[in-house]
Amino acid sequence: MLKPMLTYDRLYVEFLYYFNEARDYFECHEVMEELWMEEGRNHLYQGLLQVAVGLYHHFNGNVSGSIKLFTAALDKLSHYPPEALGIDLAKLVQDSRLYVEQLSQFEQSPFEPYDLHIVIQDEQLVHLVEQLKLNPPAAHDKES
């Protein structure tokens, strides 16, 4: 039996590109915030946005801000099915939970920030991200 074809918003595809390929968590925030507002402030989008911002904070030395964002993300994302929006959400939740556990012990065991990876399960979505890699989107103005 064939799965129905899903339509993915361009901003969501850009978010995955910035998260997995460019590793630009500021841009993740920019595109996902726009999508989140367009889509009626969907909690799933907000949770994904908060994971990216949590990483952004840690990469910029703000451990307490990172913990706060990861915790908020986990509160939202843990209520969704293991596979949502064409991604392995359960793995992202598990990886985020481990990250925040490490952050909570940061004073005793500091560690360098590291990237997380969102596993894309829908082949159509994989293709859309691959297409975006061939023609990357223009970055938003970081001064705004």
Side-chain angles (χ1 to χ4, degrees), residues 2-106 110-144:
L2 290 174
K3 280 182 155 181
M5 292 278 288
L6 296 176
T7 303
Y8 295 102
D9 190 285
R10 171 191 58 82
L11 292 169
Y12 178 62
V13 178
E14 285 185 19
F15 169 81
L16 291 171
Y17 165 79
Y18 284 124
F19 196 98
N20 283 347
E21 303 300 329
R23 304 295 187 190
D24 186 334
Y25 302 114
F26 178 86
E27 286 301 321
C28 285
H29 168 265
E30 292 294 296
V31 298
M32 188 55 87
E33 185 174 60
E34 185 179 337
L35 179 58
W36 175 67
M37 289 172 38
E38 283 178 9
E39 294 295 321
R41 302 184 189 275
N42 179 312
H43 286 277
L44 180 53
Y45 289 141
Q46 186 180 26
L48 293 172
L49 182 151
Q50 289 171 325
V51 168
V53 176
L55 289 168
Y56 179 78
H57 281 313
H58 188 208
F59 272 92
N60 286 289
N62 182 357
V63 173
S64 63
S66 185
I67 290 171
K68 181 179 175 183
L69 269 294
F70 269 110
T71 301
L74 287 167
D75 286 346
K76 289 174 186 69
L77 297 178
S78 61
H79 299 290
Y80 288 92
E83 183 180 327
L85 292 174
I87 63 172
D88 185 344
L89 189 60
K91 180 165 180 12
L92 182 62
V93 166
Q94 177 185 1
D95 293 346
S96 296
R97 196 167 280 129
L98 175 60
Y99 207 103
V100 79
E101 285 171 14
Q102 291 174 295
L103 286 170
S104 68
Q105 301 298 315
F106 191 81
F111 65 99
E112 290 296 315
Y114 61 90
D115 297 310
L116 297 182
H117 185 80
I118 296 174
V119 176
I120 302 172
Q121 296 178 313
D122 183 338
E123 288 302 316
Q124 175 193 2
L125 189 51
V126 168
H127 178 73
L128 291 170
V129 172
E130 290 296 320
Q131 289 299 114
L132 203 54
K133 283 170 51 178
L134 298 174
N135 187 20
H140 292 76
D141 180 9
K142 293 186 181 181
E143 299 301 315
S144 56

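Along the sequence shown, residues carry numbers from 1.
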Close side-chain approach of [X] and [Y], heavy atoms under 4.5 Å:
| X | Y | result |
| --- | --- | --- |
| Y8 | D122 | yes |
| M32 | L11 | no |
| E38 | D9 | yes |
| R23 | H117 | yes |
| E130 | L134 | no |
| L16 | L132 | no |
| S64 | F106 | no |

Find the distance between [atom1] ([X]) and [atom2] ([Y]) and round it off to the nearest 0.5 Å.
| X | Y | atom1 | atom2 | value |
| --- | --- | --- | --- | --- |
| Y17 | R10 | OH | CZ | 14.0 Å |
| D95 | I118 | CG | CD1 | 10.0 Å |
| L89 | L48 | CG | CG | 6.5 Å |
| Q46 | L35 | CD | CG | 12.0 Å |
| H43 | W36 | NE2 | CH2 | 8.5 Å |
| L116 | Q94 | CG | CD | 11.0 Å |

Heavy-atom closest contact (L74 atom, S96 atom, distance): CD2-CB, 3.9 Å
Minimum-distance pair of heavy atoms, taken over all atoms of V51 and A73: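 That closest heavy-atom pairing would be CG2-CB, 3.7 Å.
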If we ignore angles and hydrogens, is there a donor and acceptor under 3.5 Å between the side chains of Y12 and E39? no
N62 and Y56: side-chain donor and acceptor closer than 3.5 Å?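 Side chains of N62 and Y56: no pair found under 3.5 Å.
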Which of parallel (below 30°), tilted (30 to 60°) and perpendicular (above 60°) describes F19 and Y25? perpendicular
Counting distance only, does the side-chain N/O of [X] pair as donor-acceptor with the main-chain N or O of [Y] below 3.5 Å?
| X | Y | value |
| --- | --- | --- |
| R97 | L92 | no |
| Y45 | E34 | no |
| Y80 | L44 | yes |
| D24 | Y18 | no |

Is it true that F70 and H58 have ring centroids separated by less than 6.0 Å? no
Among V129, D115, I87, I120, which one satisfies side-chain contact (heavy atoms from CB on, under 4.5 Å) with N20? I120
